[in-house]
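All values reported here derive from a predicted model rather than from experimental measurement. In what follows, chains carry the letters A, B, and so on, assigned in the order in which the sequence lines appear, proteins first and then strands, with residues in each chain numbered from 1.
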Protein chains: 2
Amino acid sequence: MKTTRNTTAKTAVTEILSKSKTALSHSEIYKLTADLCNRVTIYRILDRLVNDDIVHKIVDLDGTVKYAKCHHSHPVTIHNHAHFSCENCHEITCLESVKPSYIIPHNYKVTDINFTLSGLCPNCLNSNI
Amino acid sequence: MKTTRNTTAKTAVTEILSKSKTALSHSEIYKLTADLCNRVTIYRILDRLVNDDIVHKIVDLDGTVKYAKCHHSHPVTIHNHAHFSCENCHEITCLESVKPSYIIPHNYKVTDINFTLSGLCPNCLNSNI
DNA sequence: ATAAGTATCGCAACTATGTTGCAATAATAT
DNA sequence: ATATTATTGCAACATAGTTGCGATACTTAT
């Protein structure tokens, strides 16, 4: 059985995601680590964090992949809350309180959900673009 | 004002998407056109079809971008129905009847929605993987 | 404390995906 | 038929993500 280890790089990535109010892409995280480790290492760390349900992966409407730390009181396997993707500033934020309700098709087995709302976030809406 | 033209390549792409029961990626569409036109042309055709709301763009949980023809009786700007992305066969199908209900956060302006369910589709569920 | 086992890392090379500028081509309106 | 201009092909580029492998470093057992 694979045991997971805590390394300097993994701790740094977790820290970065904990502190960030918005979801971050691989390249954003890589820049923030400032040459602490290799580009590939960040990919592998993110994979592990996602597998361990410490971080979740969000994809916006353009196909941009971002990562955010979960703020659940206890670990959950399905992250069924909404995310908001701003078309102007391209920030992705978790809307923990917004949960979709829907009728599950009986012949499908649902194990994961991606619910992303897109448009203008409060910041960009105020600075009337 | 830009007028849109009907070309051989555009017609072919539209045909392919019309006939397909599942959403297709750029490379899948490119292969199906069989050297009818350049790779870049397919990208540009897909962009135009999306802009004209003839085709909609779907992103699955891995970040894979796919395209599907809309089967609306009349054109709509927000495609708020669900899509199902199978983790086994990687097919994406539209679940036209599954629409999420949710509470829109008042300070956000929502212009687009992506609601993707992921797991096992009926086919893969039956062949119990 | 030392050695063995193994998760993690760095590096290099590779694949896939998507974009841009520009000249050539072809669809459309007159 | 001709002029206009949307569309295309090509080449070159940019970005994202993956893989194999030898080196490193953390963990556990002795």
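Legend: residues meeting side-chain hydrogen bond (donor to acceptor under 3.5 Å, both in side chains) with A/Thr14, ordered by chain and number and at least two apart, are absent. Evaluation of the side-chain hydrogen bond (donor to acceptor under 3.5 Å, both in side chains) rule for A/Thr93 yields no partner, not counting sequence neighbours. Under the ring-ring contact (aromatic ring centres under 6.0 Å, His included) criterion, A/Phe84 pairs with B/Tyr108, not counting sequence neighbours. Under the side-chain hydrogen bond (donor to acceptor under 3.5 Å, both in side chains) criterion, B/Lys109 pairs with no residue, sequence neighbours left out. Not counting sequence neighbours, A/Glu91 has no partner by the side-chain hydrogen bond (donor to acceptor under 3.5 Å, both in side chains) test. In this view, A/Lys19 and A/Glu15 satisfy the salt bridge (charged side-chain N to carboxylate O under 4.0 Å, His left out) rule, not counting sequence neighbours.
Protein atom OH of B/Tyr43 is 16 Å distant from nucleotide atom C1' of D/dT8, rounded to whole Å. Whole-Å rounding puts the A/Tyr30 OH to C/dG10 C1' distance at 11 Å. Between the NZ atom of B/Lys31 and the P atom of C/dA16 there is a distance of 8 Å, given to the nearest Å. Here the C1' atom of nucleotide D/dT7 and the CG atom of B/Leu49 are 13 Å apart, to the nearest Å. Rounding to whole angstrom units, CZ of residue B/Arg48 and C1' of D/dT8 are separated by 9 Å. Atom-to-atom, CG of A/Asp47 to P of C/dT8 comes out at 12 Å; the value is rounded to the nearest Å.
Closest contact between the side chain of A/Thr3 and the listed nucleotides C/dC9, D/dA16, C/dA7 involves C/dA7.
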Nucleotides 9-12 of chain D: which of its N/O atoms have a protein N/O under 3.5 Å away?
residue : atom : partner : partner atom : Å
D/dG9   : OP2  : B/Asn38 : N            : 2.8
D/dG9   : OP2  : B/Thr41 : OG1          : 2.4
D/dG9   : N7   : B/Arg44 : NH2          : 3.0
D/dG9   : O6   : B/Arg44 : NH2          : 2.8

Expected list for residues 33-40 of chain B: side-chain donor-acceptor pairs under 3.5 angstrom, two or more places apart:
residue : atom : partner : partner atom : Å
B/Thr33 : OG1  : B/Tyr30 : O            : 2.6
B/Asn38 : OD1  : B/Val40 : N            : 2.9

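Under the 4.5 Å side-chain contact rule for hydrophobic residues, B/Val50 and B/Val13 share a cluster.
In terms of heavy atoms, A/Leu24 sits closest to A/Ile16 at CD1-CG2, 3.6 Å.
Side-chain polar atoms of A/Ser85 and A/Lys66 form no donor-acceptor pair below 3.5 angstrom.
Each end of the helix from C/dA1-D/dT30 to C/dT30-D/dA1 gets its own axis from five base pairs, and the two axes differ in direction by 40°, given to 10 degrees.
Grouped with A/Ile58 in one hydrophobic cluster are A/Ile92, the linkage being side-chain heavy-atom contacts under 4.5 Å among Ile, Leu, Val, Met, Phe, Trp and Tyr residues.
Of all the residues in residues 11-20 of chain A, not one reaches under 4.0 Å from DNA chain D with any non-hydrogen atom.
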Protein within reach of the bases, or only the backbone? For nucleotides 23-30 of chain C, mark each nucleotide 5' to 3' as B, S or -, using heavy atoms under 4.0 Å. ---BBS--

